Amino acid sequence: MKHIAVTVLLFALTASAFAQETVHLFNGKNLDNWYTFLKSKGKNNDPDKVFTVENGAIHISGTEHGGITTNEEYADYILEVEYKTGEHSYGGKKGKAFDSGILVHSQGQDGAYAGVWMKSIEIQVQEGGTGDFYVVSGNKDENFSIQTTVIGKVYNPRGTEVTGYTPGHPPLYRLGSGPNKKDVAGYRNKNEIEKPAGEWNTVKIIAKGNVLDVYLNGQFVNHAYNVKPQKGRIQIQSEGAEFFYRKIDLTPLPKEVNPLPRFAVISDTHFENNRGEGAKVKVPKALKNLLSKEPKIDAVFVVGDLTEKGKPEEFAQLVSVFGDKSNVPEGMDVYFMMAASHDGSMQNQELFKEKVKQPLHQYIAVKGYPFITISEGGYLPSEYSTHTKKFLSESLADAAQKYPGKPIFVFTHIPPQNTCYGSKVSEGWGIPFFTPVLDKYPQVIIFSGHSHFPLGDPRSIHQDKFTAVNDGSTTYSEVEPKIVDEGIHPPKCEYVTEGIIVNVLPNGDVELERWDTYRNEKILPNWLAEAPHDGSRFNYKNRSGLPAPEFAKDAKVVTKITGKEVAVTFPQASDEEVVFRYLVEITDGDKTAASFRKFSQFYLNSETPKELTVSFNDLPAGKELKARITALDSYNNVSLPIISEAFSISTQP
């Protein structure tokens with residue numbers, strides 16, 4: 001059995017492994033790390049002062065097309081840039097949306113594209129479109145390309161793969177951007193993430209291998225993969241509009257040895273549950289898919305409901321699977337938490353300690369970060385001892401003192417009530433026991449399971465007084481009662497297993513990768529709990545889920561009548577996060593003759609059906625009927641409907 005002692009993990013790291021200090025590419029005084037290039041004047045020849053430093057910021061006048069370029073090449077980094085628009089635009093850009101851009105992985109000759117910029121990958125900086133991707137390469141050049149996933153040319157993590165090569169290719173739009181935006185000065189989309197003109201915005205670009213992730217003002221907005229090339233200089237454009245840039249900070253990501261924690265979280269293994277292929281098949285599969293990812297994971301946290309009924313033979317199966325080196329590599333550590341709901345009540349605590357050879361609660365450090373595990377309790381506060389609450393309170397207080405400015409990772413089976421998806425009183429899976437303690441610590445990131453609610457739902461992360469995360473399930477999925485008419489276990493729920501990989505990044509942010517461990521697919525987007533962990537950057541707080549889902553313009557409803565039954569088939573709508581369900585109504589004029597709430601099955605990810613069908617019987621005969629479909633997201637935002645052609649059920653027997 002893999003086991004972690006209650007101590008700090010020590011690693012033989014070279015000094016170079018820790019040398020990941022932030023590089024201030026702009027020092028606030030001059031352009032020492034950069035050179036200028038203008039289309040008409042070339043390198044380091046700027047007599048009209050298109051680029052100057054004023055009041056601690058780089059002022060780009062925009063009067064001439066060109067850019068500033070770093071002297072050095074960079075790969076594998078986090079780049080944070082603050083910018084704001086000015087007041088003036090020029091030439092063909094006059095009156096249009098203020099436009100600039102951050103070009104990464106720039107290689108080759110200056111001016112190779114249009115006589116102005118190096119070939120590169122552009123992260124657009126433009127009113128209404130900051131975060132869009134362009135490939136700046138002139139004629140098709142497969143050395144410069146990216147892939148994204150889009151629906152209707154707008155980024156969507158469950159859409160169609162699109163490869164970008166040339167500037168003639170449409171931009172690969174970010175969340176909230178799109179082909180219908182207006183190219184006018186001051187333009188902002190509905191529910192715009194970018195701040196009003198003249199206010200400072202923050203763009204964060206994470207370049208990691210062949211992946212680019214973009215965040216705008218703390219919100220994830222775009223993702224590219226299969227990025228080529230994977231390193232190069234960084235350029236900032238002058239493109240006919242006045243801009244100011246101040247903070248331009250680059251933090252290298254570790255290369256060979258990761259000095260920061262990287263760990264996996266799963267829950268609800270339920271040995272011996274035989275739904276679908278059963279725990280003895282699904283849990284090893286989930287472990288292998290998670291733990292094969294690079295860089296190496298330090299530890300696995302298994303957050304409760306380890307067994308189905310708390311029997312000794314079920315604990316033996318758990319120990320056998322996690323002790324198998326083909327499932328959990330040698331040297332990787334595993335922490336377990338039990339829970340009263342399936343692992344048995346208080347009398348099973350000794351069985352738990354005997355079988356997994358770990359204490360009920362643990363307070364440890366991994367690579368200089370605090371971790372607290374709680375292995376006790378069920379639905380009622382009475383199921384948690386005074387000792388448990390004292391252990392949590394004292395551990396949190398100690399961690400806050402010893403690890404200032406760092407997140408505190410907490411693990412328990414049942415989520416704090418009214419936080420992440422599954423924990424609301426109406427959903428039935430949360431408990432108020434921990435909340436008064438956790439409310440004092442905004443740096444807490446607590447992981448829990450219990451509900452089996454799908455990890456792909458955006459409500460699975462919640463921020464208010466602290467951060468709470470639902471980690472899905474490793475046996476089968478489930479949804480809240482009375483939300484769809486297929487019950488709490490919709491179709492193929494037994495073929496859904498999920499988990500999380502958590503990365504502490506060099507700048508202090510915590511990145512959460514969501515994984516479909518059954519299909520070995522990443523569930524996008526990654527989440528980012530941003531530093532400082534003091535509650536000031538809770539980007540997942542008070543979310544509305546807007547805009548509402550949309551059907552494609554050519555979406556059609558097809559009805560097929562067989563005797564007295566009508567089958568209604570319709571295409572899935574799209575949403576910036578997920579479409580959760582559909583309301584399928586059969587209308588008789590202004591009246592509703594029948595209705596059905598259909599689950600979208602988004603939890604199947606790449607296997608989510610492109611069309612859904614609902615069948616109705618006992619409809620009124622001889623009437624002119626229509627099928628009306630509306631899509632709802634996780635926040636109950638409702639799409640515009642799509643409606644079928646009229647049909648009728650025969651009055652004949």
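Computed from a prediction, not measured in an experiment: that's the story for all the values here. Atom set for the values below is all heavy atoms of this structure, side chains included, hydrogens, waters and symmetry mates excluded.
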Can you confirm if the aromatic rings of [Y] and [X] lie within a centre distance of less than 6.0 Å?
| X | Y | result |
| --- | --- | --- |
| F301 | F336 | no |
| H223 | Y225 | yes |
| F263 | F409 | yes |

Check [Y] with [X], please: is the shortest side-chain N to carboxylate O separation under 4.0 Å?
| X | Y | value |
| --- | --- | --- |
| D298 | R262 | no |
| K208 | D213 | no |
| E330 | K325 | yes |

By side chain to side chain donor-acceptor pair (under 3.5 Å) - contacts of [X] (at least two apart):
| X | answer |
| --- | --- |
| T497 | T517 |
| N44 | none |
| Q237 | none |
| Y35 | D110 |

Going from [atom1] on [X] to [atom2] on [Y], what distance comes out if it is rounded to the nearest 0.5 angstrom?
| X | Y | atom1 | atom2 | answer |
| --- | --- | --- | --- | --- |
| Y403 | H533 | OH | NE2 | 15.0 Å |
| D249 | L25 | CG | CG | 7.5 Å |
| Q219 | Y540 | CD | OH | 8.5 Å |
| F602 | E577 | CZ | CD | 10.5 Å |
| Y363 | T373 | OH | OG1 | 12.5 Å |
| T419 | H462 | OG1 | NE2 | 6.5 Å |

[X] side-chain N/O to [Y] backbone N/O, donor-acceptor pair under 3.5 Å:
| X | Y | answer |
| --- | --- | --- |
| D509 | A531 | yes |
| K204 | F220 | no |
| R514 | I501 | no |
| N470 | F447 | no |

- Determine whether T474 and E498 make a side-chain contact, defined as any pair of heavy atoms from C-beta on separated by less than 4.5 Å.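 The answer is no, as the side chains (C-beta and beyond) never meet within the 4.5 Å cut-off.
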How close do [X] and [Y] get, counting heavy atoms only, and between which atoms?
| X | Y | result |
| --- | --- | --- |
| P506 | L253 | CD-CD2, 3.5 Å |
| D46 | V50 | OD1-N, 2.8 Å |
| L290 | G499 | CD1-CA, 4.4 Å |
| S100 | Y245 | OG-OH, 2.8 Å |
| S292 | N289 | OG-O, 3.3 Å |
| H105 | A207 | CE1-CB, 4.0 Å |

- Query: Under 30°, 30 to 60°, or over 60°: which ring-plane class applies to Y74 and Y77, parallel, tilted or perpendicular?
  - Reply: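 Plane angle over 60°, so perpendicular.
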- Item | From CA spacing to verdict: side-chain hydrogen bond (donor to acceptor under 3.5 Å, both in side chains), D457, S634 | CA-CA 7 Å; D457 191 292; S634 299; 2.8 Å; yes
Check whether more than 12 heavy atoms from other residues, nucleotides or ligands sit under 6.0 Å from atom [atom1] of [X], and answer yes or no.
| X | atom1 | answer |
| --- | --- | --- |
| Q109 | CD | no |
| K181 | NZ | yes |
| Q401 | CD | no |

Any chance the side chains of [X] and [Y] put a donor and an acceptor closer than 3.5 Å?
| X | Y | value |
| --- | --- | --- |
| E194 | N217 | no |
| N71 | N33 | no |
| N507 | T251 | no |
| E239 | H65 | no |
| T202 | Y83 | no |
| T148 | Y173 | no |
| Q463 | T467 | yes |

- Taking it one step at a time, do E82 and N201 satisfy side-chain hydrogen bond (donor to acceptor under 3.5 Å, both in side chains)? CA-CA 5 Å; E82 292 183 0; N201 296 273; over 6 Å; no
- Message: Is the positively charged end of K406 above the ring of Y369, judged by distance under 6.0 angstrom from the centroid and angle within 45° of the axis?
- Response: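 Yes.
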- Ring-face cation contact, F244 with K84, 6.0 Å cut, 45° max: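 Here K84 passes the 6.0 Å and 45° test against F244.
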- Item | Within residues 518-527 or reaching into it, pairs that qualify as side-chain hydrogen bond (donor to acceptor under 3.5 Å, both in side chains) - sequence neighbours excluded |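 Qualifying pairs: E277-Y518, K293-N520, E511-N526, D516-R519, R519-E607, E521-S606.
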- salt bridge (charged side-chain N to carboxylate O under 4.0 Å, His left out) against K41, all qualifying residues, sequence neighbours excluded: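 K41 satisfies salt bridge (charged side-chain N to carboxylate O under 4.0 Å, His left out) with D48, E64 only.
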- In sequence, state the C-alpha distance, the side-chain angles, and the governing distance for T70 and E72, and then conclude on side-chain hydrogen bond (donor to acceptor under 3.5 Å, both in side chains). CA-CA 5 Å; T70 58; E72 304 295 333; over 6 Å; no
- Derivation and outcome, side-chain hydrogen bond (donor to acceptor under 3.5 Å, both in side chains), residues D132 and S177: CA-CA 8 Å; D132 293 350; S177 179; 3.2 Å; yes
- Dump the intermediate steps for salt bridge (charged side-chain N to carboxylate O under 4.0 Å, His left out) on K231 and D76, then the final yes or no. CA-CA 8 Å; K231 67 176 182 178; D76 295 321; over 6 Å; no
